[in-house]
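To keep things clear, I will list the structure first and then write my remarks on it.
This is a predicted model, so every value here is computed, not measured. For the numbers below, each heavy atom of this structure counts, side chains included, while hydrogens, waters and symmetry mates do not.
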Amino acid sequence: MKPNQPLTEKLSEAGGTPERGYDAWKRAKIEKGLEQAQDRDAMIPVAQILRDFGLER
């Protein structure tokens with residue numbers, strides 16, 4: 001990244017328009033995640049995630 005880049009450039013989207021089909025892909029991905037979140041028994045326990053990534057205290 002440029003060392004003296006203005007904040008407005010850092011916050012603005014880069015690259016112009018997204019590829020065709022990106023919005024549908026993004027929406028489907030979010031909907032699938034929300035659907036998976038409803039099944040609490042299938043979710044990985046937080047304690048296991050923290051242990052696997054070595055973030056235990």
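Shown here is E19, whose CD atom has no more than 12 heavy atoms of other residues, nucleotides or ligands within 6.0 Å. Within a 6.0 Å sphere centred on CD of E35, heavy atoms belonging to other residues, nucleotides or ligands number 12 at most.
Here I44 contributes atom CD1 and D52 contributes atom CG; the two are 8.0 Å apart, rounded to the nearest 0.5 Å.
By the 4.5 Å heavy-atom criterion applied to side chains, M43 and R40 are counted as neighbours.
By the ring pair (Phe, Tyr, Trp, His ring centres under 6.0 Å) test, Y22 pairs with W25, sequence neighbours left out.
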